[in-house]
Each structure stands twice: as structure tokens, then as C-alpha cells.
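Every chain is numbered from 1 and lettered A, B, ... according to where its sequence line falls, protein lines coming before strand lines. Every value quoted in this text rests on a predicted model; they were computed, and no experiment measured them. Side-chain atoms are counted along with the backbone in the values below, which use heavy atoms only and exclude waters and symmetry mates.
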Amino acid sequence: MTVNYKSVFDIIGPIMIGPSSSHTAGACAIGRAANSIFKDKPTDIVIHYYESFAQTHKGHGTDYAIISGILGFDPDDSRVPYAIGLAQKQGINITFIEEPEDSPINHPNTAIIDLKNDSKQITVAGCSIGGGTIEIREIKMDGFDIKPKGPLPILLVQGGEDDHQNVTDQLANLTKVNDQQQYQSGKGNLYEYDLDRRLKAHEIDELVKNNNKLVYL
Amino acid sequence: MYMSVAELVDAAKTTKKPIYELMIEQEMETSQSSREDIIKTMGRNLDVMEAAVKKGAEGDGVFSTTGLTGGEAVKLRDYRATGKTLSGDIMMQAVQNAISTNEVNASMGVVCATPTAGSTGTLPGVIFTLRDRLNLTREQMIQFLFTAGAFGMVIANNAGIAGATGGCQAEVGSASAMGAAAAVEIAGGTPDQCSEALAMAISNLMGLVCDPVAGLVELPCVKRNAIGVGNAMIAADMALAGLTNKIPADEVIAAMDKVGKGLPKALRETGLGGLAATPTGIRMKEKIFGKSRAKA
């Protein structure tokens, strides 16, 4: 059994702007994941919607929710409904595509986000599994094609064996690592850790201090 | 982590601790947070629920931008004031609280998703009615939410809570079951009775489809929360009276999962089947989004 809902506040919560936890709050969370990976301002955002997301994104406010996440807003931020205008004012080009085929990551609430600017480009495939909780099932970044199992939290660490060992040691004091994967590209190695619990802000800061390319989802 | 209703009920019986206490202890362990912080966070959720229950039933009420929903919690408020309700004031207060909360959600107001935004009115519908019925303290209301959350986690991790994967039974059905079980505990029932209330609540909404008109969380979602809250109160009362579901709660949850997976896509939050596919539902969709999109 996959444990996606690890906290009572996944069920009683989140506090959010309506109308849909999967299509609004969850979409915002997928956007936030892309924001955490990109770590920069994009010039172009392309969102591909599949299945239920493709059919109902307009009515649910999925468009502004996902953009608000890419801008780094929380789901209860009062700016959420205005996110598209705010992004366009910053000169960001936004495209939404309703894809006719089934979700390539096998979930009816799927959004695939492409972000790019002059220096980089990423793709994040996420699905919203209900109640605002999401899974991230594919990430393309820096030449890596990462395919996590899905449930968060996920930690991505780029670097060599030293970095791997350091992060492994640090995590040993914090939480259980449910799964670990190693990926290779022309740019070196990337290590994926699926963590048993969400880390606190100060714990993440501590990890980032030693490795500024670290991504926590 | 408690993975089944049976585990949760057994732990409550062995330790002689209430289910909310087991939930708080589990949360402290998994989140590495203090009891105070966890209780404070739940208190904030309760405050958001209370504000939404109030907001939708004040003045002329709230309305969604599409005009499909809104202003009906106020009608219930005024109807209740006549003292002539058929199902009694307690039941209609619960219904008003639920509808008020979902009208706030549809109008893009702030809600606490429990477990989802589409089913956000069911749990507040139960809790703010029981507050008045049983004179609950704030502390007890927070305890109610932890108990509801404990059962909700078991449902979510075994069957899921998204309309797109499991239909409305997974949303309003789950919320109703959480409310029923937590109502039993707060009213002094046993852990076994909580489990029976949950099992009866889900059994009664088994197969409920997710068929939102125009894909919006409005029709029939707002009023589905009325049946969610009514069903929760009825299931809780049946369990407290000693009725049993005969099929155990964990098997009912597994059955709900299977039923959800068997539902055609048109009935899983695509806005393509059920009420969404009625002539009136299609006309509403065309009016809101225009004709070309309506074929999508």
C-alpha cells in the first residue's frame, strides 16, 4: 500500500481558496513543485492538461492555480485568482494545451509543466490525487530524466559520491528514506531520495547549506 | 501509522485511549512536531470552517461567478426560522451549515478542504450542529477533527478521496463516514460503534458518481454535502443505537475503492455524464463556456 496521506492535515486541510482541492489546491501544489525545481523566473510556461484536468480546468480555476504555484504562492494566498495577470505583467508567456490522449503518467488529474528561460528548461509531470495532495511522476532537468514513484516528499541531490554520502548521513538523523535512485547524465550524477516524512524549514535549510543545487519537493 | 479501521479500533481498545488521542500521538511522531503546534494548526482549520459556515448564511448569502449556486443557505436559515421544518431543526441546521460552506467554496472563498473542497461542507455541517446539540467546547471540537482525520487517513490511503478516480462516494462518501465516526466518539460511543458508523455511512453512499455540471464544483456538489451531513448524522445515530453494518468497515472501504475504479470515466469528474450530460446541464455548460468548448 502506498501511503500518500502521511499527515492528519492532508485530510483536515489544506486551508484554500475554492473551488476544488484536486483541481485548484492540487494544481497549485504541482506548480509549486515546478517552481522548486526551476529555482528561477521562467520566460515561457506551457501547461499540458490530460483527462479530467483537460475537461474541467477552466471551471475549476486550475489555470490560475497552477500559475500561482509556479510563481511560488501558497494555495490560500489571496493573489491566487489573479496569478495569470501577475505573471503576464512580468512578461511571462503562458500557453495551456488540452491534450486529447490519456495521461502519460496514468492518472486522470494530470498536468505536465514545461518551464524555460534563456539559461535552462525543465519538464515536470504531476498528478493531483485528491484533497490537495499530489504526486510527481517525472522530472526532466539538466539532462536527467527522473521517474520517481510519485509520493512526496522527494529530495534531489546533484553531485558526486561525496555529496551523496553527506546527504545520506544528514538524512539518517532526520527521517527514514523509503527509496533511493541514482541517475546519470552528461552533467554527472543525481540522487533521488523518497522521504518518509516532510522536513521542517530549518532542516531543509541545513541540507541546502551544504548543497545549493538540492531540490526538496 | 494506522493502516486500517480494525488497527485503529484495536489500538483504542487496548490502550483505552480515545481515537483523537491516538491520532495526535501519530501526528507528533510522523511530523516530529509538538502537541501544542499540532493542536494549534487544527484550531486554525476549525476557525476557517466556522467562518465559512457563518459567511454563507449571512445577509443575502454568497454567489458563485457563474450564478449556478449561491444564496440557498440563507433560504434554509429563513425557512428554519418558521419552525416548520419536516426533518427537525437539528437536521436542517446541519444541512444549512454544509450548504453554506460549499457555497463559500463555489464562490472562491476560503475553506478548509475536509477531505476535499468538493466535500468541504459535510464535516463542518456535523461539527457545528453537534456543538449546539451537545454543548461542545472548542477543545472537544478540535478532538472531533482529529478523530475524523484518523478515519479519513485510513480511507484515503486504502481507497482514495478524489472524484476523478473514485467518484463522489470517495469525496462526500468519505467525508460523511469521517463525520459519522467522529460524531459517535464525541457523543460517548465506543470505538466499535465508530467503526460501524463509518461502515454504514459509506455503504449508504456506495456508488455515488461525480457528475459536475460544466465540470464545476457547484451542481450537484453543493447539495451532495446536504446528503453527506444527513447521512453522517443518521449513521452515527444508528451506530449509537447499536445497529451494525454486518460488512466490516475495512471491507466496505475496499469495496468503495473497487466500485470507484469500475466507474466509467464519464462519471469521474469529467463533466461528461450524469447530471452534467442532461439537456439542461449541457445548456448551462454552453452558456458558461460557449458552444465550441462544450463539445470538448
Side-chain angles (χ1 to χ4, degrees), chain A residues 1-26 51-62 64 75-78 80-81 98 100 102-103 107-110 127-133 151 174-176 196-200 203, chain B residues 1 3 23 26-27 30-33 38 41-42 44-45 48 64 66 104-118 120 123 145-146 148-150 152-153 156-158 160-166 170-171 178 212 214-218 265 268-272 288-289 293 296:
Chain A
M1 182 171 104
T2 321
V3 178
N4 271 303
Y5 299 90
K6 295 177 170 136
S7 163
V8 69
F9 299 114
D10 295 336
I11 301 296
I12 313 293
I15 294 171
M16 56 169 282
I17 307 273
S20 167
S21 46
S22 53
H23 293 62
T24 317
E51 303 187 38
S52 177
F53 264 25
Q55 295 293 341
T56 68
H57 66 105
K58 280 193 183 162
H60 283 124
T62 309
Y64 62 72
D76 63 342
D77 191 313
S78 58
V80 165
E98 292 169 10
D102 285 353
S103 160
H107 194 282
N109 294 335
T110 292
C127 50
S128 183
I129 63 162
T133 297
L174 296 173
T175 183
K176 207 173 96 197
D196 198 48
R197 73 163 170 94
R198 255 164 245 157
L199 301 181
K200 294 162 181 288
E203 293 169 341
Chain B
M1 193 177 278
M3 297 297 194
M23 183 68 249
Q26 176 178 299
E27 189 68 21
T30 54
S31 72
Q32 296 288 302
S33 302
I38 292 166
T41 303
M42 194 59 95
R44 270 203 301 275
N45 287 341
V48 168
S64 71
T66 62
V104 168
N105 178 61
S107 73
M108 292 183 189
V110 178
V111 296
C112 177
T114 51
T116 66
T120 193
L123 219 49
L145 292 179
F146 279 111
M153 283 181 78
N157 282 321
N158 285 285
I161 49 170
T165 46
E171 297 205 27
M178 289 157 56
L216 301 161
V217 192
E218 298 202 50
K265 229 175 241 181
R268 285 188 281 115
E269 206 173 353
T270 49
L272 299 174
I288 295 164
F289 293 120
R293 213 203 105 72

Would you find a donor on one side and an acceptor on the other, under 3.5 Å apart, between the side chain of A:K58 and the backbone of B:G215? no
Which atom of A:V8 lies closest to which atom of B:E27, heavy atoms considered: N-OE1, 2.8 Å
Results of ring pair (Phe, Tyr, Trp, His ring centres under 6.0 Å) for A:H23 - residues two or more places apart only: A:F53, A:H60
Quick one: what part of B:M178 sits under 4.5 Å from any heavy atom of chain A, side chain, backbone, both or neither? side chain
Distance in Å, B:I161 CD1 paired with A:I129 CD1, rounded so as to fall on 0.5 Å steps: 7.5 Å
Rounded to the nearest 0.5 Å, what separates atom OG1 in B:T30 from atom NZ in A:K176? 12.0 Å
Counting distance only, does the side-chain N/O of B:N45 pair as donor-acceptor with the main-chain N or O of A:I15 below 3.5 Å? no
Taking side chain as everything from C-beta outward and backbone as N, CA, C, O, which of these in B:V111 sits under 4.5 Å from a heavy atom of chain A? Side chain, backbone, both or neither. both
Smallest separation among heavy atoms of A:G130 and B:A162, with atom names: CA-CB, 3.7 Å
Side-chain heavy atoms of A:M16 within contact of B:V110, under 4.5 Å: no
Non-hydrogen atoms of chain A under 4.5 Å away: do they reach the side chain of B:E218, the backbone, both or neither? neither
With a 4.5 angstrom heavy-atom cut-off, is it the side chain or the backbone of B:I38 that approaches chain A, or both, or neither? both
In terms of heavy-atom proximity below 4.5 Å to chain A, should B:M108 be classed as side chain, backbone, both, or neither? both
If you round to the nearest 0.5 Å, how far is CZ of B:R268 from CG of A:N109? 10.0 Å
Min side-chain heavy-atom separation B:V48-A:D76 under 4.5 Å: no
Looking at every non-hydrogen atom in both residues, tell me the closest pair between B:M3 and A:V3 and how far apart they are. CE-CG2, 3.3 Å
side-chain contact (heavy atoms from CB on, under 4.5 Å) filter on A:T110, not counting sequence neighbours, yields A:Y50, A:S103, A:I105, A:H107, A:I112, A:C127
Chain A contact via B:M153 - side chain, backbone, both or neither, heavy atoms under 4.5 Å: both
What do the steps show when you test A:D102 against B:K265 for salt bridge (charged side-chain N to carboxylate O under 4.0 Å, His left out), and what is the final call? CA-CA 11 Å; A:D102 285 353; B:K265 229 175 241 181; 3.1 Å; yes
Please round to the nearest 0.5 Å and tell me the distance separating atom CG of B:L145 and atom CD1 of A:I11. 12.5 Å
Pick one of side chain, backbone, both or neither for B:E269, based on which atoms fall under 4.5 Å of a heavy atom in chain A. both
Can a donor-acceptor pair be found, under 3.5 Å and without considering hydrogens, that links the side chain of B:N157 to the backbone of A:Y5? yes
Top of B:S64, B:A117, B:G149 for chain A proximity - count of heavy-atom pairs under 4.5 angstrom: B:A117
If I measure from the heavy atoms of chain B, does A:P81 come under 4.5 Å with its side chain, its backbone, both, or neither? neither
A:P19 versus B:A106, closest heavy-atom pair with distance: CB-CA, 4.4 Å
Closest contact, heavy atoms only, A:S52 versus B:T270: CA-CG2, 4.3 Å
What distance separates B:Q26 CD from A:S7 OG, expressed to the nearest 0.5 Å? 9.0 Å
Nearest 0.5 Å please: distance from the OG atom of B:S33 over to the CZ atom of A:R197. 8.0 Å
Output the option from B:T114, B:N105, B:V217 having the highest count of non-hydrogen pairs under 4.5 Å with chain A. B:N105
Examine whether an atom of A:S22 lies under 4.5 Å from a heavy atom of chain B, and if so say whether it belongs to the side chain, the backbone or both; otherwise answer neither. side chain
